[in-house]
Engineer: 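Here's a structure for you.
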Amino acid sequence: MNLFADFRDTVAAAVAALQERGELPPDLDLERISVEPPRDPAHGHMATNAALVLARAARRRPMELAELLAGEITGAEGIIEVRVAPPGFVNVRLADELWRRQIPVVLRAGADYGRCDLGRGRPVNDEYCSANPTGPLHVGHGRGTVYGDALANLLDFAGYRVTREYYINDGGAQIEAMARSVHHRYRELLGDDPGPMPEGLYPLEELVPVAKAIVERDGDRWLGRPEEEWLEPFGRAGVEAMMVRIREDLAALGVRHDVFTSERELIAAGRIEEAIAFLEEKGLVYTGTLPPPKGRTMEDWEPTPQLLFRSTAFGDDVDRPLRRSNGAWTYFAADLAYHLDKIRRGADLLIDVWGADHGGYVKRMQAAVQALGEGRAELVVKLCQLVHLYAGGEPLKMSKRAGRIVWLRDVVEEVGRDVFRFIMLTRKNDAPLEFDLEKVVEQSKDNPVFYVQYAHARICSVFRNAEEAGCETDPAALAEVPLDGLRDPAELDLLRQMAGWPRLVEGAARSFEPHRIAFYLHDLAGAFHALWTRGKEEPELRFLLAGNPGLTAARLAMLAAVRTVIANGLRLMGVTPVEEMH
RNA sequence: GCGCCCGUAGCUCAGUCGGAUAGAGCGUCGGCCUCCGGAGCCGAAGGUCAGAGGUUCGAGUCCUCUCGGGCGCGCCA
């Protein structure tokens, strides 16, 4: 199924054979053996460092060992040349036939080509987006959302059991601020002039309809009433309305979470007390006084005894407060309950996708998961760096205070879901990303998504023509077609790139880096475009050859396979493999 | 002051659990449309991989330090 995995098996078999003959000691660590395509094609199709890695343990010179391995590998099926290169690489050239044979493999697997069992069904909880329900998603939220969603697709494809999760932060002070903001709007609507929106509240227009709905339902009964009466219902109305809006924003991006967990409900169900009791039993909770924060002058600093979690026992810098001085639980305390909840629901790999500004929170949360999961659960935090917005090359500063917020949905509607998602995945998550609204709207060739989609559309176009010419176009039938005619270097290069897809999936999943798909597809599309253009200069390289139905069928099989891989990659990214460009 | 992230071509960035002569797009310069879709292709120029040590057969990749940039640093989330 996977040529790279096959070659790894060949190497492993060679090592085993040498062990059998006493040329190599038993009990070798084979982990570090890698199998990869060499950067320089002159070195062949596959290379292994096995001799270099094993030399020390085997107490032999790498080149000598490489020769031995080469001897074992020589003659293995499909390998037409084995060479040893200093300082001890074994390079291998594969028969063209082996690459061609990937075509029916792809065609039979179809949408499953590249699927693997890296995850072995391991349950993973992927939490992403989780924006505060105090307003719609803005464009900055889009990055982590797309990243988390594509990662979920990728991990699912790699054999994990993925739960896509959204944590609703509906329990804290920011909800009270929103409640007051809604009440402010409520007073405005009823003509009870409250003046300008006070500092610290949310001047969002999106809260006006929330207030309006309350007026329609309850009239003026909350007017002049004390805050403790309306604070909760107003906050709840705000959260509900904003979550409706956020779900719309997510839908516009093509994102669907499996589980929405409410912080408020966790608190109401006493889950914080449960989590803390759990930690208390392990002696990880105590009352103490923290030292003042360093490097920042705090005028109102007073040493206060607080309930603390002993996160330093797990590598954190200081222990972390669980209760505020007013007795309320901290956000961290709720997060303990939440992560314990995720663990109890069965996940042993937790992924949190956060903005880069939460970097300071990573250590304590990992400490918490270690403690709560008793070492069985692992937390991976992926921080997404900022999106730098530009408009025609000019930096665009978002400012909540000035109301200059670029809403995610507006951008998605303007540039399209596909463009937005693809661009968000053209950087690794921990590097900042530049996003130019105008360039992206221009849909110019600066936009790699079109390059890839164009390749897919071109293949579809060939198939439309083939259909008209009466050629066989059914993938199942094309999987049976003789492929010997595919022998041009450009064709074989395309097939080699295509055959790298399963390996790419594994690597991307292993490192939680869906952006690798974007770069892979760009390269694959490039190999295809190059071949296409060759056909313009050399008519015998065209895909549809009126006088040669056999070769035409072989080429259609190749194209169908490439199309399948492009479509599979785009699907993981959540981008549509379009059949036509407009 | 401390912690985390980043520093690769003029610009924006890739670089496979360390692998051989470091790649792509954009920009610049020069070519390719009677013909399956030119939103494409081919070529050229462009690099002390921030700097210095270290580990290794081998370092852009791992470790230490320095410099530069970003984010964060009780009772906000």
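Labels below follow one simple rule: chain letters A, B, ... track the order of the sequence lines, proteins then strands, and each chain is numbered from 1.
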Engineer: Nearest whole angstrom, please: distance from the C1' of B:rG70 to the CG of A:Leu433.
Structural biologist: 15 Å
Engineer: Roughly how many Å is it from CZ in A:Arg427 to P in B:rG25, rounded to a whole number?
Structural biologist: 14 Å
Engineer: Considering every strand and a 4.0 Å limit on heavy-atom distances, what is the contact class for A:Ala85: base, sugar-phosphate, or nothing?
Structural biologist: base
Engineer: Send over the distance from A:His529 NE2 to B:rA24 P, rounded to a whole Å.
Structural biologist: 16 Å
Engineer: Could you check whether atom CZ of A:Arg83 has more than 12 heavy atoms from other residues, nucleotides or ligands sitting under 6.0 Å from it?
Structural biologist: no
Engineer: Just N and O in the side chain of A:Tyr451: are any of them under 4.0 Å from OP1 or OP2 of B:rC41?
Structural biologist: yes
Engineer: Roughly, in whole Å, what's the span from CG in A:Leu494 to P in B:rC41?
Structural biologist: 13 Å
Engineer: Please tell me whether A:Thr48 and A:Arg8 have a donor and an acceptor in their side chains that are separated by less than 3.5 angstrom.
Structural biologist: no
Engineer: With rounding to whole Å, what would you report as the distance between B:rA50 and B:rG10 at their P atoms?
Structural biologist: 13 Å
Engineer: Write down the partner of B:rA44 under the Watson-Crick or G-U wobble criteria, each distance required to be under 3.5 Å.
Structural biologist: B:rU28
Engineer: Considering only atom C1', compute the distance from B:rG7 to B:rG47 and round it to an integer number of Å.
Structural biologist: 15 Å
Engineer: P atom, B:rG23 versus B:rG69: distance in rounded Å?
Structural biologist: 31 Å
Engineer: Measure from the side chain of A:Gln306, starting at C-beta and using heavy atoms only, and say which of B:rA20, B:rG74, B:rC4 lies closest.
Structural biologist: B:rG74
Engineer: Of the nucleotides B:rC36, B:rU21, B:rG19, which one has an atom closest to the side chain of A:Val462?
Structural biologist: B:rC36
Engineer: Can you identify which nucleotide, out of B:rC76, B:rA39, B:rG19, has its nearest atom closest to the A:Val53 side chain?
Structural biologist: B:rG19
Engineer: Given B:rG25, B:rA20, B:rG37, identify the nucleotide with an atom nearest to the side chain of A:His522.
Structural biologist: B:rG25
Engineer: Which of parallel (below 30°), tilted (30 to 60°) and perpendicular (above 60°) describes A:Tyr331 and A:Tyr167?
Structural biologist: tilted
Engineer: Picking from B:rA39, B:rC41, B:rC4, which would you name as closest to the side chain of A:Met581?
Structural biologist: B:rA39
Engineer: Between B:rG15 and A:Lys428, is there an OP1 or OP2 to side-chain N/O distance shorter than 4.0 Å?
Structural biologist: yes
Engineer: Give a yes or no on whether a donor-acceptor pair under 3.5 Å exists between the nucleobase atoms of B:rG74, that is its base, and the side chain of A:Thr304.
Structural biologist: yes
Engineer: Quote, to the nearest angstrom, the C1' distance that separates B:rG72 from B:rA9.
Structural biologist: 33 Å
Engineer: Looking for any heavy atom pair under 4.0 Å, which part of the strands does A:Gly359 touch: base, sugar-phosphate only, or nothing?
Structural biologist: nothing
Engineer: For the base of B:rA20 and the side-chain ring of A:His43, does the geometry meet a stacking cutoff of under 5.5 Å between centres and under 30° between planes?
Structural biologist: yes
Engineer: Could you classify B:rC62 for me, syn or anti, using a glycosidic angle within 90° of 0 as syn?
Structural biologist: anti
Engineer: Counting only Watson-Crick pairs (N1-N3 plus N6-O4 or O6-N4) and G-U wobbles (N1-O2, O6-N3), all under 3.5 Å, who is the partner of B:rU64?
Structural biologist: B:rA52
Engineer: Is B:rA9 paired to anything, Watson-Crick or G-U wobble with both distances less than 3.5 Å, and if yes, which nucleotide?
Structural biologist: none
Engineer: Across all strands shown, which nucleotide pairs with B:rG1 by Watson-Crick or G-U wobble geometry, both distances under 3.5 Å?
Structural biologist: B:rC73
Engineer: Ignoring backbone atoms, establish whether A:Trp532 has a side-chain N or O less than 4.0 Å from OP1 or OP2 of B:rG38.
Structural biologist: yes
Engineer: Is A:Arg310 positioned over the aromatic face of A:Tyr286, cation under 6.0 angstrom from the ring centre and no more than 45 degrees off axis?
Structural biologist: yes
Engineer: If you find the nucleotide of RNA chain B closest to A:Pro303 and the one closest to A:Glu579, which residue's nucleotide is nearer the 5' end?
Structural biologist: A:Glu579
Engineer: Could you say whether A:Glu31 or A:Leu290 is positioned toward the 5' end of RNA chain B, judged by the nucleotide with the nearest heavy atom to each?
Structural biologist: A:Glu31
Engineer: Answer with yes or no whether A:Asn49 presents, from its side chain, a donor or acceptor under 3.5 Å of a partner atom in the base of B:rG19.
Structural biologist: yes
Engineer: Is any side-chain nitrogen or oxygen of A:Arg458 closer than 4.0 Å to OP1 or OP2 of B:rG37?
Structural biologist: no
Engineer: Does A:Tyr338 have A:Arg271 sitting over its ring (NZ/CZ under 6.0 Å from centre, angle to axis within 45°)?
Structural biologist: no
Engineer: Take A:His515 and A:Arg427 through the test side chain to side chain donor-acceptor pair (under 3.5 Å) and record every step on the way to the result.
Structural biologist: CA-CA 6 Å; A:His515 76 274; A:Arg427 294 288 174 268; over 6 Å; no
Engineer: Could you tell me how the ring of A:His358 sits relative to the ring of A:Tyr361: parallel (under 30°), tilted (30 to 60°) or perpendicular (over 60°)?
Structural biologist: perpendicular
Engineer: Could you tell me how far B:rA24 sits from B:rC41 if I compare only their C1' atoms? Round to whole Å.
Structural biologist: 15 Å
Engineer: Side-chain N or O of A:His515 versus OP1/OP2 of B:rG15: is the shortest distance under 4.0 Å?
Structural biologist: yes
Engineer: Under 3.5 Å for both donor-acceptor distances, Watson-Crick or wobble: does B:rC57 have a partner, and if so which one?
Structural biologist: B:rG19
Engineer: Between atom CH2 in A:Trp329 and atom P in B:rA77, what is the gap in whole Å?
Structural biologist: 14 Å
Engineer: NA contact type, A:Asp335, heavy-atom cut-off 4.0 Å: base, sugar-phosphate, or nothing?
Structural biologist: nothing
Engineer: B:rA14 base stacked by A:Phe519? Criteria: ring centres under 5.5 Å, plane angle under 30°.
Structural biologist: no
Engineer: A:Gln453 near the nucleic acid: base, sugar-phosphate alone, or nothing, with a heavy-atom cut-off under 4.0 Å?
Structural biologist: nothing
Engineer: Would you measure the distance from the P atom in B:rC49 across to the matching atom in B:rU21 and give it in whole Å?
Structural biologist: 14 Å
Engineer: Among the nucleotides B:rA39, B:rC4, B:rG37, which one has an atom lying closest to any side-chain atom of A:Lys363?
Structural biologist: B:rC4
Engineer: At 4.0 Å (heavy atoms only), tell me whether A:Ala466 reaches a base, stays on the sugar-phosphate, or touches nothing.
Structural biologist: nothing
Engineer: With a 4.0 Å cut-off on heavy atoms, is A:Arg39 in touch with a base, just the backbone sugar-phosphate, or nothing at all?
Structural biologist: base
Engineer: If the cut-off is 4.0 Å, is A:Lys536 near the phosphate of B:rG38, judged by side-chain N/O to OP1 or OP2?
Structural biologist: yes
Engineer: Quick check: A:Tyr451 with A:His529 (ring centres under 6.0 Å apart)?
Structural biologist: yes
Engineer: Quick check: A:Phe420 with A:Phe435 (ring centres under 6.0 Å apart)?
Structural biologist: yes
Engineer: Under 4.0 Å between a side-chain N or O of A:Arg56 and OP1 or OP2 of B:rC57?
Structural biologist: yes
Engineer: B:rC36 C1' sits how many Å from A:Glu580 CD, rounded?
Structural biologist: 15 Å
Engineer: Would you measure the distance from the P atom in B:rC36 across to the matching atom in B:rG43 and give it in whole Å?
Structural biologist: 23 Å
Engineer: So A:Pro539, base contact, sugar-phosphate only, or nothing? Heavy-atom distance under 4.0 Å.
Structural biologist: nothing
Engineer: When all nucleic acid strands are considered with a 4.0 Å heavy-atom cut-off, which category describes A:Pro321: base, sugar-phosphate, or nothing?
Structural biologist: sugar-phosphate
Engineer: Output yes when at least one side-chain N/O atom of A:Arg534 is less than 4.0 Å from OP1 or OP2 of B:rC32, else no.
Structural biologist: no
Engineer: Let me know which of A:Thr287, A:Leu290, A:Thr330 forms a side chain to side chain contact (heavy atoms under 4.5 Å, CB included) with A:Gln306.
Structural biologist: A:Leu290
Engineer: Atom CD of A:Glu537 and atom C1' of B:rG40: how far apart are they, to the nearest Å?
Structural biologist: 11 Å
Engineer: Nearest whole Å is fine: how far is B:rG72 P from A:Arg320 CZ?
Structural biologist: 15 Å
Engineer: Counting only side-chain heavy atoms from C-beta out, which of B:rU16, B:rG3, B:rG37 sits nearest to A:Arg503?
Structural biologist: B:rU16
Engineer: Mind checking the P distance from B:rG25 to B:rC71? Whole angstroms is fine.
Structural biologist: 32 Å
